Number of protein chains: 6
Amino acid sequence: MLNKKVNYWRIIMRILCINPIGTDAFNGEVLKILENLKLGETKVDCVSLPAGNPLHLEYHSYEAMAVADIVRLTYKASSTHDAVVISCFYDTGLREAREVSGMAVVTAPCQAAIDISGHLGNTFSILVGRRKWIPKIRDNVRLYGREHALSSIRSLDLTIYDFINNPNLTYERLIAEGKKAVEEDGAEVIILGTTGQFGFFQRMQDELGVPVIDAAIAPFKYAEFLADTAKRFGWYPSRICGSEAPPKDEIDAWNLFRN
Amino acid sequence: MLNKKVNYWRIIMRILCINPIGTDAFNGEVLKILENLKLGETKVDCVSLPAGNPLHLEYHSYEAMAVADIVRLTYKASSTHDAVVISCFYDTGLREAREVSGMAVVTAPCQAAIDISGHLGNTFSILVGRRKWIPKIRDNVRLYGREHALSSIRSLDLTIYDFINNPNLTYERLIAEGKKAVEEDGAEVIILGTTGQFGFFQRMQDELGVPVIDAAIAPFKYAEFLADTAKRFGWYPSRICGSEAPPKDEIDAWNLFRN
Amino acid sequence: MLNKKVNYWRIIMRILCINPIGTDAFNGEVLKILENLKLGETKVDCVSLPAGNPLHLEYHSYEAMAVADIVRLTYKASSTHDAVVISCFYDTGLREAREVSGMAVVTAPCQAAIDISGHLGNTFSILVGRRKWIPKIRDNVRLYGREHALSSIRSLDLTIYDFINNPNLTYERLIAEGKKAVEEDGAEVIILGTTGQFGFFQRMQDELGVPVIDAAIAPFKYAEFLADTAKRFGWYPSRICGSEAPPKDEIDAWNLFRN
Amino acid sequence: MLNKKVNYWRIIMRILCINPIGTDAFNGEVLKILENLKLGETKVDCVSLPAGNPLHLEYHSYEAMAVADIVRLTYKASSTHDAVVISCFYDTGLREAREVSGMAVVTAPCQAAIDISGHLGNTFSILVGRRKWIPKIRDNVRLYGREHALSSIRSLDLTIYDFINNPNLTYERLIAEGKKAVEEDGAEVIILGTTGQFGFFQRMQDELGVPVIDAAIAPFKYAEFLADTAKRFGWYPSRICGSEAPPKDEIDAWNLFRN
Amino acid sequence: MLNKKVNYWRIIMRILCINPIGTDAFNGEVLKILENLKLGETKVDCVSLPAGNPLHLEYHSYEAMAVADIVRLTYKASSTHDAVVISCFYDTGLREAREVSGMAVVTAPCQAAIDISGHLGNTFSILVGRRKWIPKIRDNVRLYGREHALSSIRSLDLTIYDFINNPNLTYERLIAEGKKAVEEDGAEVIILGTTGQFGFFQRMQDELGVPVIDAAIAPFKYAEFLADTAKRFGWYPSRICGSEAPPKDEIDAWNLFRN
Amino acid sequence: MLNKKVNYWRIIMRILCINPIGTDAFNGEVLKILENLKLGETKVDCVSLPAGNPLHLEYHSYEAMAVADIVRLTYKASSTHDAVVISCFYDTGLREAREVSGMAVVTAPCQAAIDISGHLGNTFSILVGRRKWIPKIRDNVRLYGREHALSSIRSLDLTIYDFINNPNLTYERLIAEGKKAVEEDGAEVIILGTTGQFGFFQRMQDELGVPVIDAAIAPFKYAEFLADTAKRFGWYPSRICGSEAPPKDEIDAWNLFRN
């Protein structure tokens, strides 16, 4: 009854983590972190976008610049990997990448973190860098259907550069806003609303006493989980209705997704 | 009290219509149509995307390919036009383009048609080419907050090529599904869910006896309306929170949006 | 294909603005303002209700007193005008007037302002005179489907008489509450929740740096826009299902809407 | 601790049933029915609107004609009755009448029937005369917050005159549509969507095997219930925020609600 | 046409109030209170759960311990009573008990209080003992469809033992939080979110000037009301779809609900 | 930065699967299946409820009988296991069991299947045995926030006994209703709405061409996933607000959860 083509005890899952910015400066570090987090059988690759792409995606117009390459990388990964992670809390290009991922599942931080938090507490708050980020994230939460469980989205009033250059200030603000989320807004779970806040979650949950979901880890582990269930049970992405993939001949004729 | 810098009787509105596909084959025809629809003082331009872009946007991965150029064209238009129209019923890149439009308003078919229909009837149905289109359009309707007024989204089971090559069949199906929308689903207004169905709406509304909103006209006239109110009353796009534009120096330093 | 009966460049639009209170004291001033705002081809009329009607509609029971005359005036206007504006932020009698407007479109402040704001920013706040107004306005926002974009409804704690007698205090409060809406509630657009606050919006948007939608202008310009699209494209109000008009013979036999 | 001013065993409740049409032809019959339904201590009065009012409220513009008198009668009843029933399934003027009811509670068919049905089953369907009625009723169900429990609104395709002149056909259609509501739509409770269908509910529930809520009885009994709890426990209508009543001196000065 | 089997003037209603805790210490007092509140013809019984059950239901796992006996008592009551009240503001076991109540209606505090409040004001706030209670109550309000009318749920930061042992502190906090609910949150009605706060509502409404719904009285009077309409009009609980009762033979064979 | 107490490559996860019925007849078979599905390091136990519990949970009153033992078993498992699975598609006792699970995560079929389906397609349909099941499942889908993605809940009109005794008929109906869900309702993913349909999903997805989520596998693999992330990252269940556990001394004093 179960999938005969796999050895259930040792399924190898190849996961591609897309860091959707135009520099590979962080790939090594990210890879090292993910290597440490993965199941034994998982193979991880980490890739960023070609030079010329924006160096962060804080603006939606920057996302627009990056999304074509996210789709291209996903399309390519459809024949080499079992899962793809888009590492931006806006879940940039998630719908678009999923369409061309073939049998590979695609995950992204916001959806993955929200799903996980739904099993750990009744409510959650998201901590973001700046107020700029709130409306799109709120719309995403609404699309995923969890706005009724969203206690708040709180801004740290810090840029991505602040995260990198001033980790102490960042941590201080994370604790301050996280505390308010818990005490004033009624959040039972905290979600870090950026992949650039990696490394803080465990200190935070020790200090705040609630689970703090990291935006880099959540979609990676979720991807690993879904790659596993895909291979074991055939739970590959649907390919009908809105999930229908573009026709191969048109892709080839128009030379799309190559570059 | 009112804006002193304009002559209220004769405001000139320059509108850029972006046909977000990689061919300029239809620009002439579209321009001719729009010239016929515009207010006297309006100046219309029509532009398509550079070659290499997809020839239609039926797939979301195709949208991903096109959105960078939509943003680039909008950014450029921010210094030459008063309004930009993105002519694809998925409202492709609407959020992203709005961010860089400066003082120009940006419109798109689905949002504009839904707004108009809300003043003409209690409910509406959208007629789309294929079932493929439904989930994203339904999500958009939900984001715009009108899912409670959506009677149905009905598929004609026709491709964009069918629309072009077989207008008779297209019209037949439009009438058949439009009739079902009215009689079975309770739609008071019909919205044509593609800019490729232009030219049918008036025959349809004569035959069906309900208003039929055309997806090419609606966002164009809405853009003209908003350009007018922007200039008269200063109702330009908000530039705070989620609508904050990227910083000029970063755009320049990274050479973004230049093409 | 397009409506042959109109000259597209110079459509004359006759708009009736109903000031739904029992005094004509403000009609002249309103008319002067609207004359200044209109497109060149538009003809504006301004009418108030017969004496005996309430002098403001702050209470819903007062609305109940006024709504019959709003319907009567709209019914009469159906043969003389192309659009009708009901100038009260409760959108008093909008559903009822639309039913008898024939081919004329009917607009009202709350719906029009919300539609416009949806193209200028992700979120909006409404500034109202007193807390009294909030529940009905909130219900209207919900009926229009935009409660997810409503940052707040803030009360100035001022009566309509205060607006008239104490414009300085009114402006001060508008700025104070508008600032809180922007800074604390995350509003990207401000909507003035009363037609009696006319004259403040431009100073406010200069000072607050966000678009401020005036409740008298928005429905008037929206009416003009819809009258234009109605005549050009036949986008007249639907007359089926919930929008079905009462039968002419019954109206005549019962002598309704005359007075 | 409890209200000292009443004898808990024999509270006299005076209920005014407003039949909001311009004829008293049915008042006698309605009164006879209600006398039969009431608790022993209840006193019932039945009143219709002055001549000149519409003879039915199928159209929203007719409601607009009737609502001033509904408010007037309620205002008058505030000093003579403990509860007021507005007997039209559109719940015409409910918000407006509640504002001036003083210490009297006001009920109406749709809200009362929905509340009751929520204790008898998970879902409900409403049977209405014509499709015309559906959009406003659906909006009301949404305002009351029960659209998620609404299985369907089904039209009998009968006018109010058909109800009166052709009870056999009416009953036949009620059973046919009620059966479909139960079997196809999953309704556990049926609500009759008009006060003009009185007399059918018991035969229907015998035949269909589900509770069938009558639109004339439900708001009357609910009014009686609320009048009782008001007197016993002081649960009178709130008079703050949106429920604030108009000031007495303004009502008097403007000679409102008199007629 | 009406139910021939009952005397409409003097329907005897037998109501069972289940105090879902494992002690009968409060039954006498509760019974005395309810005797004072009931209609003349009503017979009241009060029962608690067998020893070994939790002494309060503040925790959901405690509810889980108690629900079997709630169902057993309701099943037994289906042949002896006309209505059952489950006296816990979590509405513990409401769905489950309703399934086996036969022709008896079942009510519970949260649903009943919300229904009543919907006729007295536009909005309501619930005052609860501790933050612990909020998520489940909020979910219940959402299931009942009234989250859009919920101004706030405010915690007194008091345990059930505090309610009993320190009524003065309890009252003080009730007034303090009730005042904030009215003044800051916009609540027009206050609902006491625990049956353990009985006795405070009338002083509170005198002091706050808004209706304060007591959580013990509301479901009892609602039960009495529904028992009356059930007997008069046959509005007994639906027994189809989700409300279908378990088969008698299975209950007997498995010896369920016997204790 | 990461949890120092675990070896990331070989975390041992002990999972308890609760089959919430009063017979251990199926435990052996279920255990064998789960052994085949698990990761290498996972230890699985399978337990059913004590005799006297219902043999199925089709009725909500049966759930009420079973929930105390579900909580007891979970409480006990909190010191022996890392995750608990409640194997009933009603997600019986999920909130209640989570409260006492300590550091163990608790999963259930409906929530887990819905989460997974959200990464595989835009929409889903649930196939259930009988219409009886629909309202509670629909309410659960609504509580989880995914009703906007629910294409339909379709009934097979088969009892749990039919599933066991007539697998051919069961499969036939699954395919027939699954096909309608895909073709008529627009479902991109199918969810099997009962743990008693195990064994069909792979044949179904081969035949239907869409992912078919099995209700026994989904929560088990999800539990394994969450147990892994709990141990690695400290993402244990929140224990504040609504997730606060009952106090140990009260549990002991009252001898709760002991059996």
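These figures come from a predicted structure and were not determined experimentally. Note on naming: letters A, B, ... go to the chains in the order of the sequence lines (proteins, then strands), and numbering restarts at 1 for each one.
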Residue among C/E224, C/E147, C/E188 with most heavy-atom pairs under 4.5 Å to chain B
C/E188
Count the heavy atoms belonging to other residues, nucleotides or ligands that lie under 6.0 Å from CZ of C/R138, then report whether that count exceeds 12.
no
Between CG on residue B/L226 and CG on residue C/D115, distance to nearest 0.5 Å:
9.5 Å
Among B/V212, B/D206, B/V182, the residue with the most heavy-atom pairs under 4.5 Å to chain C is B/V212
How about CZ on B/R146, more than 12 heavy atoms from neighbouring residues, nucleotides or ligands closer than 6.0 Å, or not?
yes
Considering residues, nucleotides and ligands other than C/E29, do more than 12 of their heavy atoms fall under 6.0 Å from its CD?
no
Side-chain contact, heavy-atom cut-off 4.5 Å: C/D214 with B/W235?
yes
Got a second to check how far C/E183's CD is from B/C241's SG, nearest 0.5 Å?
10.0 Å
Against chain C, label B/H119 side chain, backbone, both or neither, depending on which of its atoms sit under 4.5 Å from a heavy atom there.
both
For chain C, find which of B/P211, B/G242, B/S238, B/G145 contributes the most heavy-atom pairs closer than 4.5 angstrom.
B/S238
Contacting moiety of C/A218, where chain B heavy atoms sit under 4.5 Å:
both
Say you draw a straight line from CD of B/Q202 to CZ of C/R232; how long is it, rounded to the nearest 0.5 Å?
12.0 Å
Do C/E41 and B/L39 come within less than 4.5 Å of each other through their side chains, counting heavy atoms only?
no
Can you tell me how the ring of C/F201 sits relative to the ring of B/F233, calling it parallel under 30°, perpendicular over 60° and tilted otherwise?
perpendicular
Looking at B/T107, B/V210, B/T229, B/I213, which has the largest count of heavy-atom pairs under 4.5 Å with chain C?
B/I213
Quick one: what part of C/R239 sits under 4.5 Å from any heavy atom of chain B, side chain, backbone, both or neither?
neither
Would you mind reporting whether B/N122 and C/S243 have side-chain heavy atoms less than 4.5 Å apart?
yes
Min side-chain heavy-atom separation B/I116-C/F225 under 4.5 Å
yes
Would you call C/Q205 and B/Y236 a side-chain contact if the rule is heavy atoms closer than 4.5 Å?
no
